[in-house]
4 protein chains.
Amino acid sequence: MILKFLDLDSQKQNRILNAAMKEFAQKGYKNASTNEIVKEAGISKGLLFHYFAKKKDLFLYLYDYSLEIFTIEFFQRIDLVEKDIFKRIRQMALLKIDLIKKHPELYNFLYKAIIEDTPEVKEDLEQKNKQLLTNGYAKIFRDIEVKKFKETIDTDKVINIVIWTIEGFSNQILEKIKSQYPNELHYEKISKELDVYLKFLESAFYK
Amino acid sequence: MILKFLDLDSQKQNRILNAAMKEFAQKGYKNASTNEIVKEAGISKGLLFHYFAKKKDLFLYLYDYSLEIFTIEFFQRIDLVEKDIFKRIRQMALLKIDLIKKHPELYNFLYKAIIEDTPEVKEDLEQKNKQLLTNGYAKIFRDIEVKKFKETIDTDKVINIVIWTIEGFSNQILEKIKSQYPNELHYEKISKELDVYLKFLESAFYK
Amino acid sequence: MILKFLDLDSQKQNRILNAAMKEFAQKGYKNASTNEIVKEAGISKGLLFHYFAKKKDLFLYLYDYSLEIFTIEFFQRIDLVEKDIFKRIRQMALLKIDLIKKHPELYNFLYKAIIEDTPEVKEDLEQKNKQLLTNGYAKIFRDIEVKKFKETIDTDKVINIVIWTIEGFSNQILEKIKSQYPNELHYEKISKELDVYLKFLESAFYK
Amino acid sequence: MILKFLDLDSQKQNRILNAAMKEFAQKGYKNASTNEIVKEAGISKGLLFHYFAKKKDLFLYLYDYSLEIFTIEFFQRIDLVEKDIFKRIRQMALLKIDLIKKHPELYNFLYKAIIEDTPEVKEDLEQKNKQLLTNGYAKIFRDIEVKKFKETIDTDKVINIVIWTIEGFSNQILEKIKSQYPNELHYEKISKELDVYLKFLESAFYK
DNA sequence: GATGAATGAGGGTTCATTCAT
DNA sequence: AATGAATGAACCCTCATTCAT
């Protein structure tokens with residue numbers, strides 16, 4: 001059924017995906033109205049259900065679709081050879097911010113999907129969520145080079161501090177992206193501010 | 001209209017508030033059913049709408065109510081004389097965790113309310129949310145004693161790191177509260193782990 | 001929920017029951033439209049579902065209701081002391097015809113319900129159907145006085161012939177009830193014709 | 001329009017007819033899905049409606065088609081020279097059972113069509129139903145040899161008794177065909193049991 | 001104040017039918 | 001002839017809100 005959708009002229013595909021993503025991101029799964037989606041996409045009610053038999057199917061397709069786009073681009077651009085935690089985390093944080101600026105609708109949708117609690121889709125999402133970018137942080141950092149750390153400290157806890165700091169910083173930026181005109185947030189400025197935080201932490205925890 | 005509600009026998013008031021809070025926390029604004037609320041509260045449908053003309057009014061009243069209880073108790077118990085950031089933040093984090101264990105329903109309701117997405121109430125909440133405990137951190141720390149910090153560092157950024165670390169830690173604890181038997185999380189153990197993080201930061205940033 | 005319905009002013013109860021029975025009898029379970037029912041009953045859509053949470057509940061309630069009325073009146077009026085099969089069957093057939101003339105809507109509904117095959121309700125009906133009048137024939141006649149039958153014949157087969165004859169006769173009458181003005185079918189005339197059939201059979205099978 | 005259908009390659013014709021018959025028999029007129037029919041027949045949606053402008057047209061065509069096949073074969077095989085009612089009815093009943101075993105899909109379709117209740121087709125069917133095999137009994141027996149009957153009896157009524165008995169017996173057999181493995185119902189066994197009933201009646205009503 | 005019957009707009013979903021290709 | 005995308009009316013059901021009592 002979804003195969004049918006993929007054969008569709010891609011402009012119409014996008015109209016449907018964007019309309020649905022926007023509606024789900026704004027209102028969450030249950031409150032999102034298929035009526036609104038078809039109105040926004042400029043198609044008939046019947047057509048939506050011609051491609052996606054159920055609201056749930058549409059939602060989960062959207063989730064896979066957004067996640068795939070993010071994940072693919074993320075792993076294409078990340079340099080996993082870099083073992084220094086501060087360098088690695090630096091590029092990841094900037095890459096994440098960049099991806100969000102590039103695909104804000106996808107991000108809004110995914111962000112909302114992650115905290116979705118409607119029983120109808122919660123379970124399906126939880127299985128998929130494990131792969132998600134944000135949640136992946138911790139695991140990604142378990143194999144990092146630790147020999148540069150001062151001997152006296154608990155490595156796991158330090159990594160946590162670094163991660164939480166970067167998340168706090170990212171969220172601060174994302175708040176600004178949402179509230180202001182995102183274009184005013186220049187990559188360089190963000191990059192410099194991030195560096196300040198990382199230098200702090202580096203000087204504090206490295207030998 | 002809500003004034004009428006306050007004149008009500010306080011036992012009935014509580015039955016209504018508790019029933020509503022539970023329902024909203026469990027299902028979110030839109031999915032929460034006024035039918036369930038009145039059933040649980042043991043009152044008639046008409047009576048609920050006699051006191052709260054609209055579902056929205058009930059929800060927003062509940063929000064103010066819960067927030068006030070949290071805030072009042074928070075400021076009664078916090079020691080604002082303490083100017084050392086690590087000591088201050090320590091007591092705040094523990095106080096927060098304690099309040100949540102003491103009023104889990106209020107917290108569940110507030111937590112859900114913060115991420116509420118129903119357009120009908122979203123805007124109203126956003127205005128109020130700014131005052132919320134968690135978000136209030138930053139402002140609270142603006143008047144902290146800074147002279148103990150190493151001279152070379154940017155105080156604001158350090159405070160941010162401390163706050164984000166504590167938030168990360170708190171969220172980790174709250175996740176455990178949700179998923180495990182909350183009683184198994186002993187105050188002392190939490191307190192000790194928190195101290196480890198704070199010691200790290202203190203030794204890193206203090207002279 | 002159905003208790004609520006019973007408290008309703010009985011005129012409105014009847015409007016709802018009649019409208020629903022008519023619609024189900026005409027179109028069967030699945031094709032019957034709740035929209036039509038509420039229109040015919042002169043109530044709002046919501047009210048119907050206030051009393052009967054689901055279409056299925058309404059249908060099964062109607063079934064129990066009709067069946068009870070038929071069964072109660074049937075057993076009040078039948079004389080089970082009569083052991084002679086021809087006399088017993090005579091009164092039963094006439095009683096059945098009389099009941100149908102008295103409650104044609106109930107009968108139409110029940111008749112359709114018995115052959116209902118919508119999976120949604122089929123199973124529920126099958127349990128209840130066992131008690132049904134028509135199907136009950138066979139069992140009722142197993143305890144009949146057999147000593148008057150000619151010795152050479154197979155009693156079970158004879159009883160079958162009698163039952164099938166009476167059913168054929170009843171159906172012929174019911175066809176007439178449906179197609180003509182039922183009042184023109186005078187009880188006496190029917191009774192006499194029935195007697196002719198029974199005399200045939202009696203003279204053929206009794207000693 | 002249906003003429004076009006007859007020009008179609010007969011294999012495809014059959015695929016369509018069989019698919020439709022199966023679907024209608026299983027689910028009834030309204031619930032039968034044209035989607036299922038085209039899927040099963042391996043044709044496109046558009047093509048079905050190219051040949052049969054409306055679902056109703058397809059259904060009624062199918063009805064005429066099935067009925068014709070039954071009727072033609074019935075009258076080819078029945079021996080109308082036989083004037084003895086018991087012999088005639090014997091061959092008819094056995095022929096009917098044989099036809100049903102030979103064309104079970106046609107029979108299932110017709111059987112369901114007879115009790116069809118969807119208003120859209122009900123009226124059309126009722127006109128046609130009068131010609132149906134089962135209902136046709138009565139007329140067929142009007143020209144039967146009556147001189148062997150005892151003089152005292154009402155010939156029409158006796159014929160009715162015979163017909164109703166045979167119908168009751170047939171229905172009993174058909175119930176078994178539906179519920180059990182039809183092949184286990186051996187022609188000879190059925191034939192013998194039928195004979196028992198007919199002997200009864202013959203000895204009762206013939207001189 | 002207190003009840004709960006009554007409303008009707010809106011929810012997701014199905015499906016015969018049409019029509020551009 | 002043949003396709004299947006596209007339509008929209010109708011389906012059952014939910015629910016906040018109103019109002020007569």
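Chain identifiers are assigned alphabetically (A, B, ...) following the order of the sequence lines, protein sequences preceding nucleic acid strands; residue numbering begins at 1 within each chain.
Within the 4.5 Å cutoff, side-chain heavy atoms of A/Leu110 are placed close to those of A/Leu67. Within the 4.5 Å cutoff, no side-chain heavy atoms of B/Tyr63 are placed close to those of B/Val121.
Atom-to-atom, CG of B/Asp7 to P of E/dA2 comes out at 11 Å; the value is rounded to the nearest Å. Look at CZ on C/Phe24: it is 13 Å from P on F/dC11, rounded to the nearest Å. Here F/dT14 presents its P atom at 12 Å from CG of C/Leu48, a figure rounded to the nearest Å. Atom pair C/Asp9:CG and F/dA20:P shows a separation of 17 Å (rounding to whole Å applied). If you take CD1 of C/Ile16 and P of E/dA5, they are 12 Å apart, rounded to a whole angstrom. Rounded to a whole Å, the CD1 atom of A/Ile43 is 7 Å from the P atom of F/dT7. As a whole-Å value, the separation of C/Leu3 CG from E/dG4 P is 13 Å. Here E/dA6 presents its P atom at 11 Å from CZ of C/Phe5, a figure rounded to the nearest Å.
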Give the C-alpha distance, both sets of side-chain angles, the deciding distance and a yes or no for side chain to side chain contact (heavy atoms under 4.5 Å, CB included) between C/Leu58 and C/Lys55. CA-CA 5 Å; C/Leu58 170 60; C/Lys55 189 187 185 183; 5.7 Å; no
Stepwise side chain to side chain contact (heavy atoms under 4.5 Å, CB included) check, D/Leu62 with D/Leu17: CA-CA 7 Å; D/Leu62 236 41; D/Leu17 294 178; 3.2 Å; yes
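Using the six-membered ring where Trp is involved, D/Tyr111 and D/Tyr107 have ring planes that are tilted, between 30° and 60° apart.
No contact: C/Ile37 has no heavy atom under 4.0 Å from any strand. Residue contacts for B/Leu8: at a heavy-atom cut-off of 4.0 Å it reaches the sugar-phosphate backbone alone, with no base atom in range. Contacts of C/Lys12 with the nucleic acid, taken as non-hydrogen atoms under 4.0 Å apart, involve only primed sugar atoms and P, OP1 or OP2.
Pair assignment for E/dA2 gives F/dT21, based on Watson-Crick or G-U wobble hydrogen-bonding distances that are each under 3.5 Å.
Between B/Lys30 and B/Asp117, none of the side-chain N atoms (NZ, or NE/NH1/NH2) sits under 4.0 Å from a carboxylate O, so this pair counts as no salt bridge.
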In B/S/- notation (B base, S sugar-phosphate only, - none; protein heavy atoms under 4.0 Å), nucleotides 11-18 of chain E written 5' to 3' is SBBBBBBB
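Centroid-to-centroid, the aromatic rings of A/Phe59 and A/Phe52 stay 6.0 Å apart or farther.
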